[in-house]
Each structure stands twice: as C-alpha cells, then as structure tokens.
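Working notes, beginning with the structure itself.
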Number of protein chains: 2
Amino acid sequence: MGLREVKMERTRRFIADTAFDLFVAQGYDDTTIEQIAAAAEVGTRTVYRYYSTKEALVVSFVENGLTAAMDAFLAQPDALPLAEALHAVVDSVEHTIGTNSARLLALYEIFDKTTGLRAGLADLCWSWRQRLAQEILRREDGAVDPLFAALTAASTMNVIEVIVQTWTVNGGRVQIADIGRETLELLHTKAIPVPTPAG
Amino acid sequence: MGLREVKMERTRRFIADTAFDLFVAQGYDDTTIEQIAAAAEVGTRTVYRYYSTKEALVVSFVENGLTAAMDAFLAQPDALPLAEALHAVVDSVEHTIGTNSARLLALYEIFDKTTGLRAGLADLCWSWRQRLAQEILRREDGAVDPLFAALTAASTMNVIEVIVQTWTVNGGRVQIADIGRETLELLHTKAIPVPTPAG
DNA sequence: GGAAAATATGGCAGTCGCTGTCATATGGCT
DNA sequence: AGCCATATGACAGCGACTGCCATATTTTCC
C-alpha cells in the first residue's frame, strides 16, 4: 500500500472522528460541514469526497460494525448449518458492542437527539438485510425459497436491532451477552405469535 | 367540521396528488417544490405547511396504508388472542394493496427509481414497528417481556414488508393473497433458522 | 349582518447541504 | 529531475427548508 493510500485512509478517519467530536459537543444539526472541514483542516469539498453525505459521517460508524458482522458470516464454512453461521453474526455484534461501549453510547446519543438521523440508520439496516438475504440465497445455492431467505435475513437483523436498542436504552448498564442470550431464547422457546394463515 | 377544515383537507390531498403526478411524469429528483406549488396553485410556503418535507409528499401514501392497518389492529377486541389480532394487520395490508394496485405500483416505481427515498420508507417502517410494539405491550397489559413485544412487532412488520416487496417486485402480477399465505405458512411450518443461544 | 379576533396564505430573504467545474498541489514512476 | 495520475480546495450555483411579516379568509361574537 502506497503512501498516498495511507494518508487518505488517515484523513478519512480523522474527518469522521473530528465530526463525531463536534456532533457530541454541539449537536448534529448545529454543526455545519464547513465547521467540520475547518476543524479537520481540509476543504469542505474534501469532506464530501470521503463522505457523500453529512449523515454518512455518523452512519459510517454503525456501518463498520455491520461490515464486521457480515465478514464474520462470510467466514463461516458453507457446510455449517445456516443457523450456526447466523449465530456468528450476532456474536460479532456483541463483540463490537463489548469492545466499544463508551463510543457507541455517545454515538447513539447523537442518533437519539437527532430525529432526522433515524432515517439513515433505518436505511442502513434495510440495505444490510437485503445483502444478508442475498448472501443466504447464495450460500444455500438457491435451494431455498427467496421468501424464506428474506424472512430469515429480516429475523436476524431484528435480533441485532433489538439487542442493540435494548442495550442502548439501558445506557449500557446491562451485559450485552445477557440481552443477546435472552433474545435468542425468546425466539426459540416462545414462538412469536405471528398471524396464522387463513385464520 | 367547519368549512375551513374541509378546504384544508382538500388542498392537502390535492397537493400530494399533484406532487405524485409530477413525480411519475418527470421523476422525483427532477421535480422541485416550486413546480409542485405552481401546479397545485399554492405558494411554496404552503406546501411546506402541509408536508414538512419533500419526502413526506411521497411517504404520506404509504403512511395512509399503515394507519389503516394499525386501526384494524386497534379495532380487534382485547380478548382476542394476539396472533389473531395481528392477522388483522396483515389482512388490512392485503386489502389496501388489492384495492389500490395501479396507484401503488406507480408509487413503488418512484421509490425504486429514487434511491434517496428508501431512507424515508425504512424510517417509516421503523417508527411503526415501535408503535406496534408499544401497542402490543399495552394490549397484553405489561404481562409480556418487552423484548418479546419488540420481536413480535418486528416479525409482523417483516411479514408486511416482505409481502409488499415481493408483490411489487413481481409487478403486481401475482395474487397478493397468495404471497401472504405463503409467507405466513413459511413462518409457521418451517422454523426460521435463527441462531441458537450459546451454540 | 358587521366588526373583531383567529388563523391560513404567500412572498422574501437567508442558511445550509450538496454538486459540477477547474486550477493547483502532491505523491508515484521512470 | 521530470512526467503522469490523482487528490485537493476554491468558487459558483441549485434546491430544500426556515423565520418573518403583510395580507387574505374564515370564524365568532355582538
């Protein structure tokens, strides 16, 4: 990797971190791109070159966690049962939360205080659900119903979202592993009372 | 209801319908609020008074459908088992789709062609999931685990989203009732292979 | 039915997110 | 050192969105 790419990766991180600090200090809405650029000592145009959107500056942190989760999933051998491979996804999320607690709490405080950001987060989850569904289909080599793949991917993302949300709502004062275990047990022992077909 | 409210409701509808037509005709991004205001014969400021956001002009249509679904849920007697009450939600969505096919296909074409709109849609689903979870908790009078309520609400919204998405992807050429039945059967007969706790 | 209070409307100015363009600076290669 | 590729940053401009205020319309009260 050349010097050029190293520097770019560094400024990329620095811009996001600088923005993050400003968002924490004075709020998301009250922070302009110009301020971020000034604080990061780059031009405003450069900020946009790394992050196409102001929202992306915040969402990128969540995206990193989801990327790790997807990598964990892809790393599972295809021979492994699907359920166990998906378990690796939840494990990865738990691990991310466990090792970045303080940072993530600050991050979700930003999300919480800025209603406009929720859309970006929801959209991110949506696109990863799509990706996961596609990956499940590939993994099972088209031997499963696309509807099944979509539902499974959705369920998995739900577990992640519910875990993260419960953890953040409790201000990180509970063990993430406990929440994860309880959530998964709920999903297994008590059948979710989904509507029955042709009631 | 006074004359004033009637007129306001009429212009409210008219603005959204006018915007819808313009979006269909020339695309979402290439339509400015100014154009919408001109076509609807109101000031641009008035458009914003009815719809706080350009996105809201599109999302409002989906919101109407979800409102109907939620009303159907709330109309179910509290004594009814939760699963059956939730069935009413899915029924309502199927009914909405069945009776507004053409319009909805055009609507989802707009969503499909405009990547930026996805976030608003995802956010809408997210907020309704929250509402549904809260409503389930109230209905069961706090006798269920909040995690359970969250997961159940999420599952229900998933069913809705998967149904709608499958229907639209197929260009409405399939019976919505068939998709709904198949989806619900999948959820019941084949257990979704969610990761097992402490694998 | 008319005056007054209440409120919906629309225009104007201004901020900010975001984009296209282009000259300049910086790193990579011979 | 010198050439090429590309990263940078400035500038201009568009459009979404907001606060403000004068005007018009509806309701209410007499």
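To find a chain, count down the sequence lines: A is the first, B the second, and so on, and within it residues start at 1.
Atom CZ in B:Arg49 sits about 17 Å away from atom P in D:dA16, given to the nearest Å. Rounded to whole Å, atom P of D:dA10 lies 13 Å from atom CD of A:Glu41. Taking atom CG on B:Asp30 and atom C1' on C:dT19, their separation rounds to 14 Å, with Å as the unit. Between B:Ile33 atom CD1 and C:dG10 atom C1' the separation is 15 Å, expressed in whole Å. To the nearest angstrom, P of D:dA10 lies 10 Å from CD of A:Glu34. We find that CD of B:Glu9 is positioned 14 Å from C1' of C:dA8, with the value rounded to whole Å.
At a threshold of 4.0 Å, the pair B:Glu135-B:Arg139 does not count as salt-bridged, since none of the basic side-chain nitrogens sits closer than that to a carboxylate oxygen. With respect to B:Glu55 and B:Arg118, no salt bridge is recorded, no charged nitrogen being found less than 4.0 Å from a carboxylate O. A salt bridge links A:Asp17 to A:Arg103: at least one charged side-chain nitrogen sits closer than 4.0 Å to a carboxylate oxygen.
The nucleotide whose nearest atom lies closest to any side-chain atom of B:Arg45 is, among C:dC12, D:dA7, D:dC17, C:dC12. When distances run from any side-chain atom of A:Tyr48 to the nucleotides C:dC18, D:dG15, D:dC17, the shortest one goes to C:dC18. With distances taken from any side-chain atom of B:Thr32 to the nucleotides D:dG15, C:dG17, D:dC17, the minimum falls on D:dG15.
For A:Arg131 and A:Phe73, the positive end is not near the middle of the six-membered ring at less than 6.0 Å and at most 45° from its axis. Stacking of A:Arg13 on the aromatic ring of A:Tyr50 is not recorded, the 6.0 Å distance cut-off and the 45° axial limit not both being met.
The phosphate of C:dG10 has OP1 or OP2 within less than 4.0 Å of a side-chain N or O from B:Thr46. Listed pair B:Thr53 / D:dC17 meets the phosphate criterion, a side-chain N or O lying under 4.0 Å from OP1 or OP2. Under 4.0 angstrom from either OP1 or OP2 of D:dT8 there lies at least one side-chain N or O belonging to A:Tyr50.
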Practice task
Go along nucleotides 24-30 of chain C 5' to 3' and tag each nucleotide: B for a protein heavy atom under 4.0 Å from its base, S when only backbone or sugar atoms are that close, - otherwise.
Solution key: --BBS--
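Closest-nucleotide positions on DNA chain C for B:Val42 and A:Asp29 were compared, and the one nearer the 5' end corresponds to B:Val42.
Residue A:Tyr51 is classed as having no contact, given no heavy-atom separation below 4.0 Å to the nucleic acid. Residue contacts shown for A:Thr44 are absent, as no nucleic acid heavy atom lies under 4.0 Å away.
B:Asn158 has its side chain within reach of A:Arg129: a pair of non-hydrogen atoms, C-beta onward, lies under 4.5 Å apart.
For B:Phe20 and B:Phe23, the ring centers are positioned 6.0 Å apart or more.
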